[in-house]
Amino acid sequence: KSGKSVTGGSIGLFKGKRLGREKAMQSMQEDIEKITVEEEKIHAVIKEKENQLQELRRSTADKEIQKATQGVNLVNQNIVSAQTRLDHVHNVLKQIAEKQESFNRMIIQTEEESLQLNNAHENTILLKEEQQKVLLEMESAYREVNEKLIHHNNLYNQENIRYHQQLNRTDSVKQDLNYKNTRFTEAEALSAANNTQLIDVKDELSETRNKIETVQAALMLLYDEKVVKETMLATTEQDYYASRGEIAETEDQIKTLQKKKEQTDTILGGIKDKLNDLKVQLAGTKERLWVEFNVELEHILDNAPPENVTLEELQEKVDAAKKRIENYGEVNPMAIQAFEEMKTRYDFIRNQRDDLINAKTSLLTTIDEIDATARKKFDDAFIQVRQNFVEVFRGLFSEEDDCDLILKENSDPLEAEIEIIAKPKGKKPQVLDQLSGGEKTLTGMSLLFALYLLKPAPFCILDEVDAPLDDNNITKFNNIIRKFSDNSQFIIVTHNKRTMAEVDVIYGVTMAEQGISKVVPVDFRNLNWGYE
């Protein structure tokens, strides 16, 4: 920031700039000091060894002399190596001194260059400050121009938005004007028709007034007749109420007579019951005489009783006859009547059984005929639906796609299950659940339209069936709806714009005011799609 600069480089021995060289000189000075210390130690060791050598020379022991000689040789070798190292260090020091002189010359030269550079740097700083002032002025001017540009750009965007809004309003006004013109022409035609109808109504009104006058005259005559008839009605009502009082008195007399009659009927009923009891007893006695004694009551009444036979003898004969009858066993006197009743019941049940068998046979024959007819109609309908399914499926997918309806094996086709096969190109699904959402929707629509083609309906309502379809499939869906719309009217609930663009009439639900919904119809058949 102050304009000064410091450079550095390698810290090698002779490489780099001034900072690296000074570092190298410092490290070399440290090495020299270490070597001088080692040299002093070696000289001290040499002196010590020389003293030991002199002492050994004085001694007469050869081994000690040899060891000392070896030690001296090692010391001499160390001295030589130290001397070579010392010579090398002296040479290095000479080179360093020469380098230091050259460095000093370079330092002096560098300081002169540094002064020149500082002067140039100060001049550059002054120039830079002037350029910064100019730059600040230019930046402020640029900001002002940029702010003006942003302001004008915002104005342009607002005007552009207003232009498009006005353009949209113009288009909507044009459409509204065309719609109102058509409505105006329709209103004019309707007004002309209403005028003609008004003239006819006036004529009818005059005729109606004439009829009302005649009706009022007739009504006055009828009113006079009403007054006369009301007087006659009053007199008739008086006679009616008088007759009604007489009728009430007569009814009271009838009620008293009915009570007396009921009492007489109860007494007569008791007498008849007693007579019936006597008749029953007489019939029982007569039947018993005939069953037990084979004697008719009329013959007994006609014949006189025998004179020579006593009552005890007759009682003995009766007892003997009873014993004989008891030996015969019990005899059912009502057996013939029961037989006839059972025979009648048997004949009735047998006839009912024959009627049921005949009805069962006729019913089974009818059921067979109905089953045969139903199977035939089902086979014909299934074949037709199968063909329609293949045709519609390939219309929604492509001609290379495969689909089919198969009846599973069963003796009764009316009870058999139907298997749906749908294999779009490039897929081999085992079940319908492996298809995508759009493919499932198209397959279901194919089956529905196959049934629809068998017996077309006047109206068809489709609720957001195009939601899972992409643009390509929506185009196919719209094409097939357009194809079938010749025979039926389709009502489609959708949020897709491509489907909305294909319809004849669209009904939109909007909320012009809060909480108030409104249906806005648009009939595309009456719109003029020409462009000027």
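As the structure is a computational prediction, the values presented were derived from the model and not from experiment.
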Do Glu159 and Arg162 sit within salt-bridge range, that is, some charged N less than 4.0 Å from a carboxylate O? yes
Rounded to the nearest 0.5 Å, what separates atom NZ in Lys255 from atom CD in Gln258? 8.5 Å
Counting only N and O atoms by type, is there a donor-acceptor contact under 3.5 Å from the side chain of Asn146 to the main-chain atoms of Tyr142? no
Apply side chain to side chain contact (heavy atoms under 4.5 Å, CB included) to residues Val134 and Glu130 and explain how you reach the verdict. CA-CA 6 Å; Val134 175; Glu130 292 177 357; 5.6 Å; no
Check Ile480 against Phe477 and note the closest heavy-atom contact, atom names and distance. CG2-O, 3.1 Å
Can you tell whether the side chains of Asp504 and Arg482 come within less than 4.0 Å, N to carboxylate O? yes
When rounded to the nearest 0.5 angstrom, what distance separates CD in Gln489 from CD1 in Ile461? 10.0 Å
Heavy-atom nearest pair, Leu396 first then Lys476, reads O-CD, 2.7 Å
Quick one, Ile421 with Ile406, criterion side chain to side chain contact (heavy atoms under 4.5 Å, CB included). Give me CA distance, side-chain angles, the key distance, then yes/no. CA-CA 8 Å; Ile421 297 175; Ile406 297 174; 3.2 Å; yes
Could you tell me if the side chain of Phe389 sits less than 4.5 Å from the side chain of Asp404, heavy atoms only? no
Could you go through Thr475 and Arg498, starting from their C-alpha distance and side-chain angles, then the distance that decides it, and tell me whether this counts as side chain to side chain contact (heavy atoms under 4.5 Å, CB included)? CA-CA 8 Å; Thr475 303; Arg498 297 173 69 91; 2.8 Å; yes
Before you tell me yes or no, could you show the steps for Val392 and Leu453 under side chain to side chain contact (heavy atoms under 4.5 Å, CB included), namely the whole-Å CA-CA distance, both residues' side-chain angles and the distance that decides it to 0.1 Å? CA-CA 10 Å; Val392 176; Leu453 289 174; 4.0 Å; yes
To the nearest 0.5 angstrom, please state how far the NZ atom of Lys377 sits from the CG atom of Asp380. 9.5 Å
Taking Ser488 for its side chain and Ala457 for its backbone only, find out whether a donor-acceptor pair lies under 3.5 Å. yes
Measure across Thr443 and Phe393 and return the closest heavy-atom pair with its distance rounded to 0.1 Å. OG1-CE1, 3.7 Å
Just so I know, are the side chains of Val385 and Leu451 near enough to count as touching, which here means a heavy-atom distance under 4.5 Å? yes
So, does Asn178 use its side chain to make a donor-acceptor pair with the main chain of Lys174 at under 3.5 Å? yes
Rounded to the nearest 0.5 Å, what separation is found between the OG atom of Ser446 and the CD atom of Glu439? 11.5 Å
Look at the aromatic rings of Phe449 and Tyr452 and report parallel, tilted or perpendicular, splitting at 30° and 60°. perpendicular
Assess whether a salt bridge exists between Asp347 and Lys343, defined as any Lys/Arg side-chain N lying under 4.0 Å from an Asp/Glu carboxylate O. yes
Value rounded to 0.5 Å, distance of OG in Ser191 from CD in Glu186: 13.5 Å
Check whether Thr214 reaches the backbone of Lys211 with its side chain - one donor and one acceptor, N or O, closer than 3.5 Å. yes
Which pair of heavy atoms, one from Leu405 and one from Arg386, lies closest together, and at what distance? O-NE, 3.6 Å
Taking every non-hydrogen atom, the tightest pair across Phe459 and Ile491: CD2-CD1, 4.4 Å
Given side chains that start at C-beta, do those of Ile506 and Asp523 come closer than 4.5 Å, heavy atoms only? no
What closest approach, in Å, do Ser517 and Met511 show between heavy atoms, and which atom pair accounts for it? OG-CE, 4.3 Å
Rounded to the nearest 0.5 Å, how far apart are OG1 of Thr510 and CD1 of Ile516? 11.5 Å
So does Asp354 get a backbone contact from the side chain of Asn358, meaning a donor-acceptor N/O pair under 3.5 Å? yes
Can you tell me if Asp470 uses its side chain to pair, donor with acceptor, with the backbone of Asn473 under 3.5 Å? yes
Is a side-chain donor-acceptor pair under 3.5 Å present for Asn388 with Gln384? yes
With a 4.5 Å heavy-atom cut-off, do Leu126 and Glu129 have their side chains touching? yes
Check: Glu369 and Thr365 side chains under 4.5 Å, non-hydrogen atoms: yes
Quick one, Lys518 and Val509 - any side-chain contact, counting heavy atoms below 4.5 Å? no
